[in-house]
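Working notes, structure below.
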Number of protein chains: 2
Amino acid sequence: MLAQSFAPPPRATPIARADNLLQRIGVRMAFAKDEEIYGQGEAANLIYLVASGAVRTSHFMVDGRRPIDHFYYPGDIFGLEVGDEHTLAAEALSDCLLLVATRSALVAEGGERALQTMLRDTMVRDLQNTREHLMLLVCKTARQRVSGFLLGLAERSPDPVIELAMGRQDMADYLGLTIETVSRMITDLQNNHLVEFQSCRQFVVRDRKALAGIAAC
Amino acid sequence: MLAQSFAPPPRATPIARADNLLQRIGVRMAFAKDEEIYGQGEAANLIYLVASGAVRTSHFMVDGRRPIDHFYYPGDIFGLEVGDEHTLAAEALSDCLLLVATRSALVAEGGERALQTMLRDTMVRDLQNTREHLMLLVCKTARQRVSGFLLGLAERSPDPVIELAMGRQDMADYLGLTIETVSRMITDLQNNHLVEFQSCRQFVVRDRKALAGIAAC
DNA sequence: CGATTTGTTGAGGAATATCAAACTTGGTGG
DNA sequence: CCACCAAGTTTGATATTCCTCAACAAATCG
C-alpha cells in the first residue's frame with residue numbers, strides 16, 4: 001500500500017522537478033500529525049519529498065499567530081533554503097511519509113549540477129507560489145480567497161471528491177482570515193450550490209464555472 | 001552630476017550583488033515618470049540596474065487594480081526572470097536612469113557563471129522581498145503597514161529627511177490599502193508626533209522607537 | 001460513552017472601503 | 001509675483017466587510 005505513495009505525484013506542476021534522484025536515494029521518514037519536521041532557525045541540510053500526507057510551512061510570530069506560507073502535497077519537494085538556515089518551520093499537516101536526503105548525498109549521487117538544478121527549480125516554484133499567494137491576499141475578499149483555495153485543490157485532484165488535508169484553522173492561517181470567516185464562506189458557497197461538503201474534510205465542486213467566477217481576481 | 005548616480009548605492013543590502021559588471025558594461029537608458037520599462041508578458045532579455053530614480057513592478061488586473069509587487073531604488077537590480085517572459089510589468093516611478101545589459105552581453109563579458117550568480121542572487125532577494133511583503137499583508141493592520149513602510153524607507157536612507165519616491169496611490173497599491181486609508185494613517189502618525197511631513201513627499205521620523213513598536217508584527 | 005477538540009452560527013463592534021467634497025501643491029501663463 | 005488650473009492629497013460621512021466574543025453542534029478520541 002505504502003509503495004503506491006512513491007509513485008509519481010497525482011498532480012502536474014509546470015516546473016520540471018529533479019525528484020527521481022530523491023526517489024532513488026531518499027531515506028523514508030514518518031512524521032505524525034502536527035509533528036515538527038524542522039524549526040525556524042534550524043540548519044537547512046536536508047531535502048524532503050512528500051511521499052504521502054501533507055506538510056505546512058509557517059512563520060511563528062510573537063503574538064501567537066502563525067501565518068502559513070505554503071502547503072506541500074505528495075510529489076512536492078521542500079526544505080531547500082537559499083541560506084543555510086530555515087526561515088520557516090515545517091510541520092506535518094497529517095501523518096505523513098517523507099523521502100529525505102542530505103545535500104551531500106544528492107551531490108554524491110547526482111553531482112553538484114543536479115543539486116543546483118533542484119535548488120533552482122525549487123526556488124522558482126517557491127517564488128511563483130509566494131507571488132500567487134500574495135495576489136490572493138492583496139486583492140481578494142474572503143469569499144474570493146476561499147473559493148480560489150477550494151478551486152485550486154479541485155484542480156490538482158484527479159478525484160471529484162476532494163479531501164481537505166487541513167482543518168479550518170490552517171486554511172484560515174493560509175488565507176489571512178479567521179476560522180469563523182472561513183466557515184461562514186464555506187457555508188455560503190454551499191447554500192449557493194457551488195460546492196458541497198460531505199463532511200468538513202471532504203467536498204465536491206458542484207458549479208466549477210461559478211466558483212472560478214468568484215475566485216477570479 | 002549624473003556620474004554621481006553611478007556611484008555605489010546609498011543603502012546596503014544583505015545580499016552580495018554582482019552589479020559591478022552591470023556598472024561596467026551597462027548601457028544608460030532614461031525613462032520618464034510613469035513610462036513603461038517593460039510589460040507583462042514581454043520577453044525578458046534585459047537586466048536593469050537602477051542608477052537614479054525609482055521603479056515599481058506591478059501586476060495589471062482586469063478590474064483596473066494594479067497591486068504593486070516591489071519598489072526598486074538606486075543600486076537595485078531588476079528584470080531578471082526565471083522564465084523567458086516577464087510576469088510583472090515595470091514602470092518608472094519617477095524620471096529615472098537605468099543601466100541596461102542583455103543576458104548575452106553579461107555572459108560575453110563576465111561568463112556564464114557571472115550571469116548565473118546574478119540570476120540566483122536576484123531571485124533570492126526577490127523571494128525574500130516577496131515573503132516579507134506577504135507577511136506585511138497577512139498580519140498587519142493599516143497603521144502597522146504604513147508605519148513599517150515609512151520605517152523601512154527611513155532605515156535605508158542616509159539622510160534624516162526622507163524623500164518619498166512615490167505618491168499615495170502607489171503606497172496604497174503596495175500596502176493593499178486605499179489612498180484614503182494611507183492618508184488617514186499618515187495624518188494619525190503625525191498627530192501622535194511619530195513622523196512629521198514637511199510636504200507630502202518629504203518626511204522626518206520623530207520617534208523611531210514608537211514607530212518601530214507599531215510596525216512590529 | 002463521556003470528554004475534548006474542531007467546526008458552525010449569531011450578535012455586536014472595529015477596521016477599512018467607498019463616495020463625496022474640500023483642500024494643497026506644483027506648474028503655467030498672465 | 002500672482003492667479004489659475006490640474007493633479008494629488010486630506011477630510012468627513014456612511015457603508016461594508018471581517019473580526020471578536022459567545023454559545024452551540026459535530027466530529028474525534030480515549
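Order of the sequence lines fixes the chain letters, A, B, ..., with proteins taken first and strands second; residue numbering starts at 1 for each chain.
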In terms of ring plane angle, is the pair B:F71 and B:Y73 parallel, tilted or perpendicular, where the classes change at 30° and 60°?
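The arrangement is tilted - the two ring planes meet at 30° to 60°.
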Whole-Å distance separating the [atom1] atom of [X] from the [atom2] atom of [N]:
X	N	atom1	atom2	answer
B:L189	D:dT10	CG	C1'	15 Å
B:D188	D:dT9	CG	P	19 Å
A:D34	C:dT6	CG	C1'	12 Å
B:I186	D:dT11	CD1	P	10 Å
A:D170	C:dT6	CG	P	10 Å
A:I179	C:dT5	CD1	C1'	11 Å
B:Q202	D:dG8	CD	P	18 Å
B:R168	C:dC23	CZ	P	19 Å

To the nearest 10°, give me the bend of the helix from C:dC1-D:dG30 to C:dG30-D:dC1, comparing the axes of its five terminal pairs at either end.
40°
Which heavy atom in B:T122 sits nearest to a heavy atom in B:M118, and how many Å separate them?
OG1-O, 2.6 Å
Whether B:E85 side chain and B:A44 backbone form a donor-acceptor pair below 3.5 Å:
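No, the answer is negative, given that no donor and acceptor are paired below the 3.5 Å cut-off.
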What is the per-nucleotide protein-contact pattern of nucleotides 14-30 of chain D, from the 5' end, where B denotes a base atom under 4.0 Å from a protein heavy atom, S denotes such proximity for sugar-phosphate atoms only, and - denotes neither?
----SSBB---------
Presence of salt bridge, A:D173 and A:R168, under 4.0 angstrom
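Salt bridge between A:R168 and A:D173, a charged N being under 4.0 Å from a carboxylate O: no.
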Tell me whether the side-chain N/O atoms of B:S183 come closer than 4.0 Å to OP1 or OP2 in D:dT11.
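No.
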When you look at CG of A:D84, are more than 12 heavy atoms from neighbouring residues, nucleotides or ligands closer to it than 6.0 Å?
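No.
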Within a 6.0 Å radius of atom CZ on A:R143, are there more than 12 heavy atoms belonging to other residues, nucleotides or ligands?
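Not buried by this count: 12 neighbours or fewer within 6.0 Å.
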Using the side chain to side chain contact (heavy atoms under 4.5 Å, CB included) rule, take B:M135 and B:R131 through it: C-alpha gap first, then chi angles, then the decisive distance, then the call.
CA-CA 6 Å; B:M135 285 300 125; B:R131 282 216 182 125; 5.8 Å; no
Passes ring-ring contact (aromatic ring centres under 6.0 Å, His included), B:Y48 versus B:Y38? Steps please.
CA-CA 11 Å; B:Y48 304 83; B:Y38 53 77; 5.6 Å; yes
Centres of the A:H133 and A:Y174 rings: under 6.0 Å?
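Yes; A:Y174 has its ring centre under 6.0 Å from that of A:H133.
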